[in-house]
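Worksheet: one structure, shown below.
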Amino acid sequence: MEPQLHQADIQGLIMESYDFKAIEGKWQERWREMELFAARDGEKERDKYYCLTMYPYPSGVLHMGHVINYTLGDVIVRYQILRGYNVLSPMGWDSFGLPAENAARKQARAAKERGEEPLHPADFTEKNIAHMKTQMERAGWGYDWAREVATSRPDYYRWTQWLFLLFYKNGLAEKKTAPVNWCESCATVLANEQVLSDGTCERCGAEVEQRDLNQWFFKMSRYAQALLDGHRELRGGWPEKVIRMQEDWIGRSEGARVVFRIAETGDELPIFTTRPDTLWGVTFMSLAPEHPLIGKLLKGTEREAEVMAAAKKMRAQGTSAREQAELEKEGVWTGCHVINPVNGEQVPLWVANFALMSYGTGAVMAVPAHDQRDFEFARKYGLPVRVVIRPEDQELDPERMTEAYVDPGTMTDSGPFDGRLNTGAMGDIARWLAEKKIGGPEVNYRLRDWLLSRQRYWGAPIPIVYCEKCGEVAVPEADLPVELPLDVDFQAPGNPLETSPSFVNCSCPDCGGPARRETDTMDTFVDSSWYFLRYCSPREEGRPFDPSAVRYWMPVDLYIGGIEHATMHLIYFRFFTRALYDLGLLDFAEPARKLFCQGMVCKTAYYCEKCQWIPGEKVEGGEKEGDAIVGGSCSACGGPVRGEMTKISKSKLNIVDPDRMMDKYGADCVRLYMLSDTPPDLDRVWSDERMQGAWRFLNRLWDTAAAAAGELGEASAELPEKLSSADRDLRRKTHNGIRRVTEAIEGGFRFNTAISSVMELLNALRASGEVHPAVRREAVESMLVLLAPIVPHFSEELWSRLGHKESIFKTSWPEFDPEALKTEEIEVPVQVNGKLKSRITVPAGAGEEEFKAAALNDGKISEFLAGKEPLKVIVVPRRLVNIVVK
RNA sequence: GCCGGAGUGGUGGAACUGGCAGACACAAGGGACUUAAAAUCCCUUGGCACUCAGUGCCGUGCGGGUUCGAGUCCCGCCUCCGGCACCA
């Protein structure tokens, strides 16, 4: 008969092993009760720490990108709580935007067929928020939920509208007609920042076209220089890479403004150039096809029909950004000439498809000899080439040149500047232009105004009405918010606001006459340009934020998010802050002291020529290489499958569901895994095998701590007076662990090495022999506190099992004891000619001579030297000895 | 084209300010326990060679250089990644 285990014994065994299911919910409840994450407004006795993580769009499903982002934030929040800061850790929802609206459209169709009431985007959004919130709580991320905001709720967007009006009244928002980006698939316009460099839509990937439309803009281009200047303050706190991306995006270029004149009419034609040194080489002028002067100059001339037709054609060709970049250079002569003010020469005026109306003045002086694009254009149309910069080592012949000469050289045929080195003369030329009153130094920027209107329903309505009599009128503050109507038809094409009579028809706030509301809504990036301010006083009713709360909490001490926002959200957010600073609402100009950009989570995705992207489970055969399958075939069609390591995404079917992982391993283990192995700013590879490794570590630590629980003595026990050498050994490792973990976090959130250090400490503890209970307790408890930010439920549970009544987050972050790190002897390597040959052990306080003597007396070394006299002995005390022989 | 960043074992990665390259893991191999498996525990694991308890040589993308000493600094390349790009 088999021996039967008693129920009590089984219970005992289960109790002993790590059971995350039994502890995670319990501690989450405890933290809520003790209000661990409640930020205390205006508390003077502690320093504040504002840790902001980019809030999510509430898609309803948590993905791995959120997990790395919010785990990082939470670990820092808990670490700063342990360091004694008054921490602000808010969370909210970027809840306006296309997906909710698209879902409503899709759903409206289905609901109609079934005769059901369609789900409104607001309900859909709130449902998703509720679900994501439970997922976030389950992950153990600590937020002050009392400060939750959702940008789609009227109590939030009321203030988004208020801020729009503030900008409007101060000349920072205006409606103007301009060539703008149109995404057909999103059925709306987009800001420049939201078009990728390949000319596709940042959201949906469709090609973006150019259209001339009347739209709302924030005058962000005015802030180009201020945004650049602000980088000085951000350096050190922000990743250099992000600063550089913003610099590229803002695109400052220094040069000169030069005023040409139309020979035939006397009209002024100013241009911008970065090469004023080549002014004497101008042989023609190019105008953008949209340039307003074209119509004026040609009206009634014999060339009018031809030129206007050509210009029209140029404007029509290549409406997508990509097509435009690939266009062949084309142009047409206007029949007019311009006068070059530096030498009085008349040169022909052309219209050219490469001249951009949106940069500089829409007119470009052409110097074919020294600009490649002008050179190609000149060759194509037989325009003259004139050399005005002479290289030292060759003679340039305009007839035989095959490309423009763009390197430095001596200026020639250049009036008063003949003989000067062009690079050195640039500034003098700009000043000379100013003296002659024909131009002067000028700086141009690539950054454009921020196009904020969107032809969509699910966004904050722009609070403007159009009155037949009064024209464009701002909605009075008292009438805010301009609420989104509920009686909208999501099945009608176009913007549903346009077909909502209750919304569109209104009376003019000024004259009371009939008026129409603006039906465009705001870009969701407007919502996210001030949410961090709202968090400071989220329930404030009379204004967007309470200045005293903002003064206390701002600026953000650490902002965590993805680098994909470098030239979108992170530019807008800085622009908004600067504008509010200039308007006197804020007393700081930069919103975040430190920025941390986490890496992406990647996994192998599989592609089959016929079935396209297929999930990993549908790959048959092949070889396993780590977590990836190589040389497998598609289970559906049998075709070959190729693997590609790429960011986890729904479209490539390589997602890992955080919920499933937490079901299997618990939140702590997922958190630990996310931070192990890879530094947080690098892309990480999702690996089930490594996840197992994190699981094993937690269990080992649990077993070690739980098994030792009975032998650790009292929680308050003091260290004994006399320590054995084993005691000192373990204490040294404990304190070294504390030092290394602290340095890893402070030195750039290197959690991967912090975790390694704790693993080493655990290995040392497990290998240690007889040690005093208090020394063992110190080692175990140190590990728990060091890991508490990363695996908080786990640490809390063991902490309480070790006899502590209070939460582990009520203790403080340990400090290492320099005394404990000291050793009596140290071992250093000995090299001969820079190659490691032996090791010596010397007393810790040994001087240079002692190191030298010990090295030369070492058996292996003397054998190696074989009596040869060393030429030189280099001693780096406590580091190494290097003996140089011939 | 311009401007950045990166390249270290089979894999993720470690290495303070020029001072023992490969910490800590994963994978792999071997062993213990087990009827068996899982789990766990122990050992091995950069490459090559040899007279294999050990010893020697090589080794941080490639080629040079500085230095007693280079993954780290300098010069010249290669590859990959990112940003900007008809921007005057």
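Residue numbers begin at 1 in each chain, while the letters A, B, ... track the order of the sequences. Side chains included, hydrogens not; waters and symmetry mates left out as well; all remaining heavy atoms used.
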*Canonical and wobble pairing (Watson-Crick, G-U, under 3.5 Å) of RNA chain B, dot-bracket with |*: (((((((..(((......[....))).(((((.......))))).(((((...)))))..(((((..]....))))))))))))....
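In this structure, B:G9 shows a glycosidic angle within 90 degrees of zero, which is the syn conformation. B:C20 shows a glycosidic angle more than 90° from 0 and is accordingly assigned anti.
The nearest whole Å value for the distance from the CZ atom in A:Arg448 to the C1' atom in B:C87 is 8 Å. Following rounding to the nearest Å, A:Met674 (CE) and B:G13 (C1') show an atom-to-atom distance of 17 Å. A:Glu328 has its CD atom 16 Å from the P atom of B:C86, to the nearest Å. Put simply, CG on A:Leu836 is 15 Å from C1' on B:C58, counting in whole angstrom units. The distance from atom CH2 of A:Trp249 to atom P of B:C84 is 6 Å, rounded to the nearest whole Å. Between the C1' atom of B:A88 and the CZ atom of A:Phe260 lies a distance of 12 Å, rounded to the nearest Å. Spacing between atom CD1 of A:Ile861 and atom P of B:C20 amounts to 16 Å, rounded to whole angstrom units. Rounded to whole angstrom, the span from the CD atom of A:Gln246 across to the P atom of B:G4 amounts to 18 Å.
A:Lys835 comes within 4.0 angstrom of sugar-phosphate atoms only, judged by non-hydrogen atoms across all strands, and of no base. Among the protein residues, A:Val884 comes within range of the sugar-phosphate backbone only, with heavy atoms under 4.0 Å from sugar or phosphate atoms but none that close to a base. In this structure, A:Gly693 reaches the sugar-phosphate backbone alone: every heavy-atom distance under 4.0 Å involves primed, P, OP1 or OP2 atoms, never a base. Residue contacts shown for A:Asn882 include a base, since a base heavy atom lies under 4.0 Å away. Residue-level contact check: A:Gln831 touches the bases, meaning some heavy atom is under 4.0 Å from a base atom. Within 4.0 Å of A:Arg684, counting heavy atoms only, lies no atom of the nucleic acid at all. Residue-level contact check: A:Arg244 touches the backbone only, with heavy atoms under 4.0 Å from sugar-phosphate atoms and none from bases. When heavy atoms are screened at a 4.0 angstrom cut-off, A:Ala355 is found touching base atoms of the nucleic acid.
With B:C87, B:G82, B:A23 as the choices, the nucleotide that has an atom nearest any side-chain atom of A:Lys241 turns out to be B:G82. For A:Thr274, counting side-chain heavy atoms from C-beta on, the closest listed nucleotide (B:A88, B:C68, B:G19) is B:A88. Considering only side-chain atoms of A:Arg373, the nucleotide from B:C87, B:G19, B:U40 that sits closest is B:C87.
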Report each atom pair, protein N/O against N/O of nucleotides 42-47 of chain B, whose distance is under 3.5 angstrom.
none

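OP1 or OP2 of B:A23 has not a single side-chain nitrogen or oxygen of A:Asn763 nearer than 4.0 Å. For the pair A:Asn752 and B:A14, the criterion of a side-chain N or O lying under 4.0 Å from OP1 or OP2 is met. Distances shown here put every side-chain N or O of A:Arg696 at or beyond 4.0 Å from the OP1 or OP2 atom of B:C41.
Sequence neighbours left out, the pairs with a member in residues 691-700 of chain A that pass side chain to side chain donor-acceptor pair (under 3.5 Å) are A:Tyr665-A:Gln692.
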*Going through the distances and angles, do A:Arg766 and A:Thr704 end up as a side chain to side chain donor-acceptor pair (under 3.5 Å)?*
CA-CA 7 Å; A:Arg766 284 157 61 85; A:Thr704 307; 3.3 Å; yes
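Salt bridge present: A:Asp277 and A:Arg275 bring a charged side-chain N and a carboxylate O closer than 4.0 Å.
The 12-atom threshold is exceeded at NZ of A:Lys380, counting heavy atoms of other residues, nucleotides or ligands nearer than 6.0 Å. More than 12 heavy atoms of other shown residues, nucleotides or ligands fall within 6.0 angstrom of atom NZ in A:Lys837.
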